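Just below is one structure, and these are the notes that go with it.
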Amino acid sequence: MTISNYSYRADPNVPKFDERKITLVMDGDCALCSWGARNIARFDHSDQFRIAIVSSELGSSLLNHYGLDPKDPDSWLLLDKGEAFTSMPAILRASRHLGWVRYVLAPLGWLPRGWQDWLYQRIARNRYRVFGRSELCALPDANLRRKLIV
């Protein structure tokens, strides 16, 4: 399914948000996602990112707009200049803006897309069992609080 850039603007179910920032929609209960969000807040020195939790009004409406299920563990979304990215391409796109992190994750971009999808799905589907649960919004530091869209 191809959706044009900024298509969410015409969707009455998607609340307005600061689309000048790179917007991430991620699970707020996953320990791996919480760790990722905290590191994004830590390494986003140019303040480019905002994070919406899947269960938030903005998060769930954006996922629904792009045909993603907010209850599906594969649902991870990045919006950059109105363009939507999901799963491993979204993670790799985010890492490009986080200094040295891009070099750590860059080899994943060398994998064929099918392998990237397979790897992402394995991690996403097993994330609670392997990494546990950790509430993203529970006592976040000031840096992370500033990035959260609630």
Side-chain angles (χ1 to χ4, degrees), residues 1-113 116-117 119-121 123-124 127 131 133-150:
M1 170 172 63
T2 303
I3 297 181
S4 63
N5 292 0
Y6 297 103
S7 62
Y8 53 80
R9 289 177 177 168
D11 188 335
N13 297 315
V14 176
K16 302 282 185 237
F17 63 99
D18 186 355
E19 58 189 40
R20 296 170 300 171
K21 302 289 184 180
I22 298 169
T23 303
L24 298 170
V25 179
M26 60 175 55
D27 186 346
D29 294 324
C30 165
L32 180 61
C33 297
S34 294
W35 176 82
R38 292 176 198 288
N39 278 297
I40 287 168
R42 181 176 170 199
F43 295 113
D44 179 20
H45 302 297
S46 55
D47 193 32
Q48 298 178 77
F49 289 93
R50 292 297 176 266
I51 300 167
I53 305 305
V54 167
S55 60
S56 71
E57 180 183 6
L58 177 61
S60 62
S61 65
L62 282 170
L63 290 175
N64 285 322
H65 175 77
Y66 287 102
L68 300 168
D69 180 358
K71 294 181 182 3
D72 185 342
D74 287 350
S75 296
W76 204 83
L77 177 69
L78 178 142
L79 292 174
D80 186 8
K81 298 179 181 81
E83 189 174 1
F85 301 87
T86 60
S87 65
M88 192 62 73
I91 292 168
L92 294 172
R93 180 85 172 204
S95 74
R96 290 183 198 164
H97 301 279
L98 298 173
W100 64 268
V101 176
R102 85 180 81 172
Y103 302 111
V104 173
L105 296 179
L108 295 174
W110 304 336
L111 295 173
R113 179 64 193 265
Q116 288 180 21
D117 291 343
L119 178 62
Y120 179 84
Q121 289 169 358
I123 294 168
R127 71 190 188 280
F131 301 102
R133 291 182 181 262
S134 173
E135 196 173 325
L136 178 62
C137 297
L139 303 173
D141 62 35
N143 228 7
L144 180 56
R145 259 194 321 270
R146 194 169 42 77
K147 296 193 179 303
L148 289 173
I149 302 170
V150 287

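Being a predicted model, the structure only gives us computed values, none of them experimental.
- Minimum heavy-atom separation, R50 to D47: NH1-OD1, 2.8 Å.
- Checked against side-chain contact (heavy atoms from CB on, under 4.5 Å), R20 has the following partners two or more places apart in sequence or in another chain: D18.
- The heavy-atom pair separating A84 from Y66 by the smallest distance is CB-CE2, 3.5 Å.
- Interatomic distance, OG of S60 versus CG of L68, reported as 12.0 Å (0.5 Å rounding).
- Taking OG of S7 as the reference point, atom CD of E83 lies at 11.0 Å (rounded to 0.5 Å).
- Screening T86, V25, L24 for a side-chain contact (heavy atoms from CB on, under 4.5 Å) involving W76 leaves a single residue, L24.
- Every side-chain contact (heavy atoms from CB on, under 4.5 Å) that N13 has, sequence neighbours left out, goes to D11.
- With sequence neighbours left out, the side-chain contact (heavy atoms from CB on, under 4.5 Å) criterion links N39 to W35, R42, F43.
- Residues R113 and P89 are in side-chain contact: their nearest non-hydrogen atoms beyond the backbone lie under 4.5 Å apart.
- From K21, atom NZ reaches atom CD1 of I51 across 12.5 Å, with rounding to the nearest 0.5 Å.
- Take F17 and apply the ring pair (Phe, Tyr, Trp, His ring centres under 6.0 Å) test, not counting sequence neighbours, and it matches Y8.
- Here the OG1 atom belonging to T23 is positioned 8.0 Å from the CG atom belonging to L78, to the nearest 0.5 angstrom.
- For E57, the CD atom sits in a loose shell: 12 or fewer heavy atoms of surrounding residues, nucleotides or ligands are nearer than 6.0 Å.
- A pairwise comparison of heavy atoms in F49 and A94 identifies CZ-O, 3.5 Å as the closest pair.
- Contact between L58 and P15 at its shortest, heavy atoms only, is CD1-O, 3.8 Å.
- For the side-chain contact (heavy atoms from CB on, under 4.5 Å) test, residues two or more places apart in sequence or in another chain that qualify with R96 are R93.
- Put simply, the side chain of L63 does not reach to within 4.5 Å of the side chain of D69, judged on heavy atoms.
- A distance of 9.5 Å separates OG of S95 from CD1 of I40, quoted to the nearest 0.5 Å.
- Between the side chain of S56 and the backbone N or O of G59 there is at least one donor-acceptor pair closer than 3.5 Å.
- Taking E19 as the reference, R9 meet the salt bridge (charged side-chain N to carboxylate O under 4.0 Å, His left out) condition, with sequence neighbours excluded.
- In this structure a side-chain-to-backbone donor-acceptor pair under 3.5 Å is present from Q116 to L111.
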